[in-house]
Visitor: 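I'd like to ask you about the structure that follows.
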Amino acid sequence: MPNVESITRGLNREQRDAIAHTEGPLLVLAGAGSGKTRMLTHRIAYLIGSGRARPREILAVTFTNKAAREMRERVHALLDADARGAQVATFHSTCMRILRREIAQLGYEPGFAIYDQADSLALVKRVLRALGAGVRAWPPRGVRARIDRLKNRGILPDDLVGGDDEDTQRFAEIYQRYQTELRRSNALDFGDLLVLTVRLFETRPEVLDSYQRRWRYVLVDEYQDTNPVQYRLLRLLVAAHQNLCVVGDEDQSIYAFREADIRNILDFEKDFPGANVVRLEQNYRSTQPILDAASAVVAHNLERKGKRLFTERDGGELVRMYEASDERDEASFVVSELLSWRDRGVRLADSAVFYRTHAQSRPFEEELLKYNLPYAVVGGTRFYDRKEVKDALCYLRAIRNPHDSESLLRIVNEPARGIGRTTIERVLACANERGVSIWSALGIALEEKRLGGAAFKRVSAFVELMEGFRAEAPGDSIGQLLARLLNATGYVAALEKEATVEAEARLDNLNELLSAVEEFERVNAPGVEEQENGDEPRDLLDLYLEQVTLLSEADTLDPSDDRLVLMTAHVAKGLEFPNVFVVGLEEGIFPHFASLDDPSAVEEERRLCYVAMTRARDRLVLCRAETRRLHGSLRYNQPSRFLSEIPGELASGDRPGDGGYAVGGERFPAEPSAGVRIDFSHAQWSPDDLPPFQAGQRVEHPIFGPGSVVEVAGSGSDAKLRIRFDRAGMKTIKLRYAELDLLN
DNA sequence: GACGGCTAGACTCTA
DNA sequence: TCTAGCCGTC
């Protein structure tokens with residue numbers, strides 16, 4: 001057993017408090033970079049090392065596999081080999097493991113498939129078609145998102161109450177059918193993993209009881225991002241002993257779109273009476289200017305407990321700001337900075353570029369290619385989302401679980417084997433009529449001679465092919481199975497015949513998949529992890545398929561390569577880099593335009609900006625572009641409000657907003673000129689009234705000079721004016737920030 | 001049943 | 001700008 005002294009050595013007082021408080025509910029408010037992973041891992045080690053818990057009595061839940069892996073490794077480093085075996089996993093994989101054991105009680109089979117977003121969308125489309133719901137009234141993506149939101153709130157079709165209006169009823173019908181089809185496929189979507197586990201615990205007290213007794217200590221990372229169904233799950237798990245330790249930072253709650261509820265962390269003390277609270281405010285990552293700038297931004301939010309981050313690090317550069325003319329200029333500025341740093345010996349891997357949306361990566365990629373600089377775009381289209389890779393995996397899935405209809409439909413005519421739309425329609429009709437899976441319907445169609453001569457032959461050949469693989473699948477290595485499968489199905493031959501650059505790339509990807517599979521088999525001696533937990537070893541193919549599905553964006557990041565990483569601010573959470581560029585800081589981009597008319601959504605954008613800024617250890621550079629091409633059209637964006645929320649003394653470079661403008665290379669002073677400032681704090685008009693400007697009026701702007709109002713858009717404090725300035729041309733001015741003089 | 005060409009609509013963020 | 005889905009032709 002490790003020495004308890006050695007476990008707490010080197011921790012600060014607050015961290016030690018958090019570790020020593022082992023019994024009952026505990027809320028740890030951990031600011032960015034305050035050593036929360038350290039606290040969590042040492043807490044696990046302490047629980048075991050002090051003899052309070054056996055490893056298997058501990059459950060630690062995170063949001064990404066990467067975080068789980070890191071935590072597991074760090075716990076292992078603190079403990080002897082025989083003290084390992086605490087379950088450290090994501091919410092989704094924790095639920096998946098529970099369901100693999102228990103799901104028969106809910107009427108599914110343990111070998112269920114897991115549907116990712118693409119599978120789920122395909123199923124929604126099939127359901128809409130079967131129900132005759134038009135895509136205009138029921139856009140598939142919207143329906144999928146609505147179902148997902150409900151599941152994240154723990155609501156299954158049976159729970160939908162009331163709603164006598166047509167929309168609600170029709171939606172309930174769609175949702176019900178979607179869920180029925182999932183069950184017929186013996187498949188679960190991401191939301192099901194959570195909601196069905198809660199359902200299981202709520203309907204089977206004896207099952208819940210066994211897990212309550214098993215996991216006597218529960219730890220949760222990133223608690224601010226839990227959604228209602230995760231919250232319910234945690235409450236159920238700790239109901240008996242209340243040994244729940246949650247760690248989080250309300251300023252880093254950025255997953256409202258998947259129903260994360262910031263109130264979970266804000267109300268923790270109310271939900272768990274008698275909870276202890278520990279605050280970790282000492283930051284071990286960033287310089288003071290970076291911390292102050294990030295804190296100043298997030299201080300503009302109302303929904304927070306408030307904290308003051310400090311560091312013992314001395315000095316540090318000011319936060320830099322750069323104003324680019326367009327997105328290409330923004331990219332070339334970033335790359336030129338990187339080049340000059342590289343000349344001074346800074347590794348590329350020590351820098352990262354964060355943007356709001358994936359679509360912003362492109363100009364950076366082009367610029368980096370120009371200089372032959374290695375880079376990695378994290379996210380976007382994942383390797384496993386590529387068509388050929390997905391096809392190959394669907395073959396494996398269909399062999400493992402033939403009733404997985406989405407997989408089967410995907411590969412039934414891939415490569416083309418003459419089973420076309422007409423045949424499929426017939427089989428689908430049969431499946432709907434009998435209420436069975438597509439695989440069963442294929443059998444029925446053959447048996448009852450429902451298909452024409454040619455179709456009959458092709459379908460029975462396909463069925464035989466799949467059955468042949470099913471019969472020989474066990475015992476075989478996955479790599480061998482996959483290789484044989486790709487050849488026997490003619491998949492490889494079809495690509496080779498195509499002989500295009502694209503086909504060549506697809507073949508490369510399949511080879512890459514093969515090596516990945518082999519690597520997986522090499523690393524995972526049969527069911528290692530499961531055996532540590534005292535469970536039955538699991539089938540390797542099952543493990544592989546679910547691992548691939550539950551893999552997240554950041555999980556694939558390999559820090560040993562010297563390459564620049566580009567990623568969204570969401571993916572960046574939990575990571576840190578010496579040098580960080582946050583780009584595209586413009587109104588409508590970051591904050592994203594979809595959030596602009598909702599104050600709480602803007603607060604979430606602000607938290608996201610805070611997350612991005614606090615990833616930086618030594619240098620932080622903030623960029624924006626005056627114009628940007630988006631979806632093919634040119635847009636003029638105002639500087640992000642977040643930029644003007646940073647106090648002037650913390651920043652250097654082109655400061656927008658009340659810190660002065662740079663226009664055409666010329667610097668303008670921060671002090672407003674004699675223009676009449678419209679002071680909204682004593683507004684003569686209520687925010688919902690029309691703004692006091694009309695098209696056609698002549699106005700004067702302190703920087704752009706005289707001009708004519710062309711258009712007034714929006715109302716209240718979000719109103720915008722389009723003004724054609726005599727010298728500076730057409731500009732869009734946000735009324736809130738405008739210092740306009742009426743000239744009439 | 002396969003394939004090519006055209007058009008409307010979409011990109012926010014993710015396990 | 002890109003792509004999924006539709007339509008027409010062989």
Side-chain angles (χ1 to χ4, degrees), chain A residues 61-68 89-96 114-118 120-122 125 129 135-136 139-142 144-145 148-149 151-152 188-195 222 225-227 229-230 253-260 327 354-363 378-382 384-385 387 413-425 452 454-455 458 494 498 546-555 567-574 584 588-596 601 604-605 607-609 611-612 629-634:
Chain A
V61 201
T62 63
F63 276 82
T64 65
N65 292 298
K66 185 180 163 60
T90 63
F91 269 105
H92 287 85
S93 69
T94 301
C95 288
M96 184 207 62
I114 299 172
Y115 279 5
D116 67 14
Q117 192 171 313
S120 157
L121 184 64
K125 285 178 184 168
R129 201 180 280 243
V135 289
R136 216 156 30 86
R141 302 178 67 96
R144 201 207 70 83
D148 199 46
R149 275 199 302 276
K151 288 190 176 173
N152 280 326
L188 273 61
D189 63 15
F190 284 148
D192 280 343
L193 291 171
L194 304 171
V195 73
E222 310 276 16
D225 283 325
T226 51
N227 59 32
V229 69
Q230 290 162 332
S253 172
I254 56 172
Y255 283 111
F257 65 89
R258 63 179 193 214
E259 300 295 296
E327 77 277 7
F354 303 150
Y355 35 71
R356 179 63 179 81
T357 66
H358 288 299
Q360 288 165 256
S361 72
R362 186 168 269 176
V378 184
T381 42
R382 292 164 61 225
Y384 290 102
D385 287 338
K387 183 186 181 308
N413 200 34
E414 193 68 55
R417 51 171 71 91
I419 303 177
R421 226 182 79 187
T422 322
T423 309
I424 299 293
E425 287 298 332
R458 287 162 181 160
E498 212 181 295
E546 66 199 27
Q547 183 233 257
V548 155
T549 314
L550 294 179
L551 218 59
S552 75
E553 305 280 352
D555 295 335
M567 62 178 86
T568 63
H570 281 90
V571 178
K573 185 158 84 151
I589 302 286
F590 200 172
H592 194 269
F593 72 89
S595 72
L596 292 180
E604 171 133 334
E605 296 286 310
R607 290 191 291 269
L608 185 58
C609 184
V611 166
R629 191 165 282 283
L630 202 68
H631 295 189
S633 63
L634 197 65

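All chains are named by letter (A, B, ...) in the order of the sequence lines, taking the proteins before the strands, and each is independently numbered beginning at 1.
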Visitor: Among side-chain atoms of A/Q117 and A/S120, is any donor-acceptor pair under 3.5 angstrom?
Guide: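 Side-chain D/A pair, A/Q117 to A/S120: absent.
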Visitor: At 4.0 Å (heavy atoms only), tell me whether A/R141 reaches a base, stays on the sugar-phosphate, or touches nothing.
Guide: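 Contact class for A/R141: sugar-phosphate only.
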Visitor: Would you indicate which nucleotide in B/dA2, B/dA15, B/dT12 comes nearest to any side-chain atom of A/R144?
Guide: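 Minimum distance to the A/R144 side chain belongs to B/dA15.
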Visitor: Base, sugar-phosphate alone, or nothing: which one does A/F91 contact when heavy atoms must sit under 4.0 Å apart?
Guide: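 Nothing, no heavy atom under 4.0 Å.
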Visitor: At under 4.0 Å, does any side-chain N or O of A/N413 touch on OP1 or OP2 of B/dA2?
Guide: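 Indeed, a polar side-chain atom of A/N413 lies that close.
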Visitor: If you check every side-chain atom of A/H570, which of B/dC11, B/dT14, B/dG1 has the closest atom?
Guide: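 Given the options B/dC11, B/dT14, B/dG1, the side chain of A/H570 is closest to B/dT14.
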Visitor: Closer to the 5' end of DNA chain C via nearest nucleotide, is it A/R362 or A/R421?
Guide: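 It is A/R362, whose closest nucleotide lies nearer the 5' terminus.
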Visitor: Should A/T549 be listed as having a side-chain N or O under 4.0 Å from OP1 or OP2 of B/dA15?
Guide: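 No, no such contact exists.
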Visitor: Just to be sure I understand: a Watson-Crick pair is purine N1 to pyrimidine N3 plus N6-O4 or O6-N4, both under 3.5 Å. Using that and G-U wobbles, which stems of three or more pairs involve DNA chain B?
Guide: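 So the stems come out as B:1-10 with C:1-10.
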Visitor: Taking atom C1' of B/dG1 as reference, at what distance in whole Å does atom CD of A/E425 sit?
Guide: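 In whole Å, B/dG1 C1' lies 13 Å from A/E425 CD.
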Visitor: Side chain of A/A359, heavy atoms from C-beta onward: which of B/dC11, B/dA15, B/dT14 has the nearest atom to it?
Guide: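 My answer, after comparing the listed nucleotides, is B/dC11.
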Visitor: Compare the ring of A/F257 with the six-membered ring in the base of B/dC13 and state whether they stack (centres under 5.5 Å, planes under 30°).
Guide: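 Stacked: centres under 5.5 Å apart, planes under 30°.
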Visitor: Can you tell me, in whole Å, how much space there is between the P of B/dC13 and that of C/dA4?
Guide: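 After rounding to an integer number of Å, I get 16 Å for this pair.
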Visitor: Below the 4.0 Å mark, does B/dT14 have OP1 or OP2 next to a side-chain nitrogen or oxygen of A/H92?
Guide: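 No, outside the criterion.
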Visitor: Within the pair A/K573 and B/dC13, is there a side-chain N or O less than 4.0 Å away from OP1 or OP2?
Guide: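 For B/dC13, neither OP1 nor OP2 has a side-chain N or O of A/K573 closer than 4.0 Å.
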Visitor: Please state whether the phosphate of B/dA15, meaning OP1 or OP2, lies under 4.0 angstrom from any side-chain nitrogen or oxygen of A/T64.
Guide: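 Result: no.
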Visitor: For the pair A/D148 and A/R258, find out whether any cationic side-chain nitrogen is under 4.0 Å from an anionic carboxylate oxygen.
Guide: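 Between A/R258 and A/D148 there is no salt bridge, as every charged N stays at least 4.0 Å from the carboxylate O atoms.
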